[in-house]
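See structure below.
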Number of protein chains: 2
Amino acid sequence: MHGAGWCYRRFKDEGFRLTIPRQAILDVFNQNSKHLSAEEIFLLVHRNYPGVGLATVYRTLDLLTQMGIIFKSDFGDGCSRYELADEATKGHHHLICTRCGRIIDYSDFIEKEEKFTKELETELSQKYKFKINSHQIHFYGLCDKCQ
Amino acid sequence: MHGAGWCYRRFKDEGFRLTIPRQAILDVFNQNSKHLSAEEIFLLVHRNYPGVGLATVYRTLDLLTQMGIIFKSDFGDGCSRYELADEATKGHHHLICTRCGRIIDYSDFIEKEEKFTKELETELSQKYKFKINSHQIHFYGLCDKCQ
DNA sequence: AATGAAAATGAAAATCATTATCAGTTAATA
DNA sequence: TATTAACTGATAATGATTTTCATTTTCATT
C-alpha cells in the first residue's frame with residue numbers, strides 16, 4: 001500500500017488535513033479485512049483512540065470516498081460498507097449470499113473480467129457520452145453453507 | 001409482460017393473495033419507468049388508491065422481491081430502488097452518474113455480457129461452491145451533462 | 001512562541017428510510 | 001355462515017446516517 005507520505009501529500013494538495021482520527025481510520029483499512037461498516041470501523045478505531053466519535057468516522061469515510069481512496073458499497077444488509085480502492089481491489093468483484101449475507105471476494109478470472117469491462121467501458125463511454133470511473137460486479141446467490 | 005392470470009396463479013400457488021394494493025403496485029411497475037423508490041411507488045399508487053399505506057408498499061415490495069418478480073438495487077442515493085425482473089431487464093446493467101445520481105439503463109452489448117457472465121458464473125460456482133441466482137453490473141462515472 | 005483563520009472535532013439532536021406492532025379487515029375454505 | 005389465516009392501514013419504533021454547534025486543532029504568518 002502507499003506510504004503515509006503519499007497520503008499526507010494528497011490530503012494537503014486538496015486542502016485537507018491528515019489528522020489523527022483520519023490516520024487511525026486509514027490504519028484500520030490497512031490492517032483489517034475489507035467490507036467494513038462505519039460501526040465496525042468506529043469500534044476498531046475506538047480500541048486505540050477512544051475519543052474519536054462516530055460522526056467523525058462517517059465524515060472521514062465520506063471524505064475518503066470522495067477522494068477515491070476507499071470505495072463504498074451496499075450489499076443489502078442495511079448499512080454501507082467500505083474497502084480500500086487500491087489496485088488489488090480495483091474491480092470490486094463480490095459473491096453475496098442472499099441468505100446469510102456472507103460476502104466473498106474473488107480475485108480469480110480477473111484478467112478475463114478486465115478484458116471484458118475495458119471493452120464494454122469503451123463502447124458504453126462512446127455511446128452514452130459517459131465518463132466511467134469505476135465498476136462493480138455483484139453475483140447474488142447461496143454460499144456453500146446455505147444451500 | 002406476463003398477464004394478470006399468470007400473476008394470480010403464482011401468488012395463489014405460493015399461498016399469497018393478489019389483493020387490490022398488490023395489483024396496484026404491480027400496475028405501477030408495468031406502466032412506469034424503472035428504478036422506482038418505495039416512496040415514488042407509494043405516491044403513484046396513491047393517485048388511484050389513496051387508501052393504500054406506505055407500510056403495505058414496503059411489505060409488497062419485499063414480497064415481490066422474494067418471489068423474484070421485481071429486483072431490488074441500491075444506487076447509493078439513500079434508498080432502495082426496484083424494477084421488474086422480467087426478461088428485458090434480466091442483467092441489471094446500469095450506468096450511474098456519481099454527481100447527479102442519474103441512472104442509465106443500457107441494453108446494448110447484452111450478448112457479449114451474457115456470454116461473459118455465463119462463463120464467469122460457471123467458473124465461480126465451481127470454485128466457490130456458490131449457487132449464483134443473479135448478477136448486477138454497475139458502472140460509476142459522470143454522465144454527459146455532468147462532465 | 002503568539003496569532004488568526006480555516007478546518008476538523010465530539011456530543012447530541014435531527015433526519016429519513018425502513019421495520020415492527022397491533023387492532024381491525026378481507027378473502028378462501030370448510 | 002363460521003373459521004381461520006392472510007392482509008391491511010395507522011402509528012410507533014428502529015437504526016443508519018447527517019446535521020448542528022460550540023469547541024479544539026492545525027497551519028501559515030508574524
Side-chain angles (χ1 to χ4, degrees), chain A residues 4-5 7-26 28 35-67 69-82 101, chain B residues 4 7-26 28 35-67 69-70 72-82 101:
Chain A
C7 251
Y8 179 73
R9 171 170 276 165
R10 274 221 54 189
F11 273 71
K12 188 159 186 180
D13 285 353
E14 302 184 33
F16 303 121
R17 295 172 187 167
L18 184 46
T19 60
I20 306 285
R22 288 174 180 176
Q23 283 186 56
I25 290 165
L26 279 168
V28 163
H35 319 310
L36 296 165
S37 69
E39 185 73 22
E40 287 165 354
I41 293 162
F42 169 71
L43 291 174
L44 287 167
V45 168
H46 199 265
R47 289 183 187 171
N48 297 318
Y49 302 88
V52 175
L54 183 55
T56 297
V57 171
Y58 273 105
R59 278 187 289 238
T60 302
L61 292 174
D62 209 43
L63 178 64
L64 294 174
T65 301
Q66 280 179 255
M67 293 175 74
I69 293 173
I70 60 175
F71 198 85
K72 180 180 184 176
S73 297
D74 188 295
F75 299 110
D77 66 340
C79 61
S80 295
R81 294 185 169 275
Y82 305 83
Chain B
C7 250
Y8 179 74
R9 171 169 278 167
R10 273 221 54 188
F11 273 71
K12 188 159 187 177
D13 285 352
E14 302 184 32
F16 303 122
R17 296 173 188 165
L18 184 46
T19 60
I20 306 284
R22 288 173 180 177
Q23 284 185 54
I25 289 165
L26 279 168
V28 163
H35 320 310
L36 296 165
S37 69
E39 184 74 22
E40 286 166 354
I41 292 162
F42 170 70
L43 290 173
L44 288 167
V45 168
H46 199 264
R47 289 183 187 171
N48 298 318
Y49 302 89
V52 176
L54 183 55
T56 297
V57 172
Y58 273 105
R59 278 187 289 238
T60 302
L61 292 174
D62 209 45
L63 179 64
L64 294 175
T65 302
Q66 279 179 255
M67 293 175 75
I69 293 174
I70 60 175
K72 180 181 184 177
S73 297
D74 188 295
F75 299 111
D77 66 341
C79 61
S80 295
R81 294 185 169 275
Y82 304 83

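Both backbone and side-chain heavy atoms feed into the values below; hydrogens, waters and symmetry mates do not. Chain letters run A, B, ... following the sequence lines, proteins first, then strands; residues in each count from 1.
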Can any side-chain N or O of B:R10 pair as donor or acceptor with the backbone N or O of B:M67 at less than 3.5 Å?
yes
Taking for B:P21 and for A:D62 the nucleotide of DNA chain D with the nearest heavy atom, the one nearer the 5' end belongs to B:P21
The ring-ring contact (aromatic ring centres under 6.0 Å, His included) partners of B:F11 (sequence neighbours excluded) come to none
Whole-Å distance, A:E14 CD to C:dA6 C1', equals 17 Å
Every protein N/O lying under 3.5 Å from an N/O of nucleotides 24-30 of chain D:
from: D:dT26; atom 1: O2; to: A:R17; atom 2: NH1; distance (Å): 3.3
from: D:dT26; atom 1: O2; to: A:R17; atom 2: NH2; distance (Å): 3.2
from: D:dA28; atom 1: OP1; to: A:K12; atom 2: NZ; distance (Å): 3.3

B:H46 meets the ring-ring contact (aromatic ring centres under 6.0 Å, His included) criterion, sequence neighbours left out, with B:F42
Any B:S80 side-chain nitrogen or oxygen under 4.0 Å from OP1 or OP2 of C:dA17:
no
From CG of B:D74 across to C1' of D:dT17 the rounded distance in Å is 13 Å
Pairs under 3.5 Å (Watson-Crick or G-U), crossing ones as [ ], inter-strand ones as |: DNA chain D comes out as ||||||||||||||||||||||||||||||
Are A:V52 and A:I20 close enough that some pair of their side-chain heavy atoms sits under 4.5 Å apart? no
message: Measuring only between side-chain heavy atoms, which start at C-beta, is A:K12 closer than 4.5 Å to A:L18?
response: no
B:R81 meets the salt bridge (charged side-chain N to carboxylate O under 4.0 Å, His left out) criterion, sequence neighbours left out, with B:E40, B:D77
In whole angstroms, the gap separating C1' of C:dC16 from CG of B:D77 amounts to 13 Å
inquiry  = By the 4.0 Å heavy-atom rule, please label B:S37 as base, sugar-phosphate, or nothing.
reply    = nothing
Taken to the nearest whole Å, CZ/B:F75 to C1'/C:dA17 is 17 Å
From CZ of A:R81 across to C1' of D:dG15 the rounded distance in Å is 14 Å
Discussion item. Quick check: do A:E39 and A:L54 have side-chain heavy atoms less than 4.5 Å from each other?
Written reply: yes
Would you say a side-chain N or O of B:R22 is under 4.0 Å from OP1 or OP2 of D:dA6? no
Heavy-atom nearest nucleotide on DNA chain C taken for A:G15 and for B:Y82; more 5' hit belongs to A:G15
Separation of C:dT26 atom P from B:Q23 atom CD, nearest Å, is 16 Å
What one should report as the nearest heavy-atom pair of A:V57 and A:A38 is CG1-O, 3.8 Å
ask   = Going by heavy atoms in the side chains, are A:Q66 and A:D62 under 4.5 Å from each other?
value = yes
Whole-Å distance, A:L36 CG to D:dA16 C1', equals 16 Å
B:L61 and B:I70 have their tightest heavy-atom pair at O-CD1, 3.5 Å
Closest to the 5' end of DNA chain C, once A:T60 and B:C79 are matched to their nearest nucleotides, is A:T60
Nearest heavy-atom contact between A:D74 and A:C79 is OD2-O, 4.4 Å
Residues in residues 49-59 of chain A with a heavy atom under 4.0 Å of DNA chain C, by number, are A:G51, A:V52, A:G53, A:A55, A:T56, A:R59
Atom CD of B:E39 and atom P of C:dT15 are separated, to the nearest Å, by 16 Å
Below 4.5 Å, heavy atoms only, C-beta onward: do B:T60 and B:I41 meet side chain to side chain? no
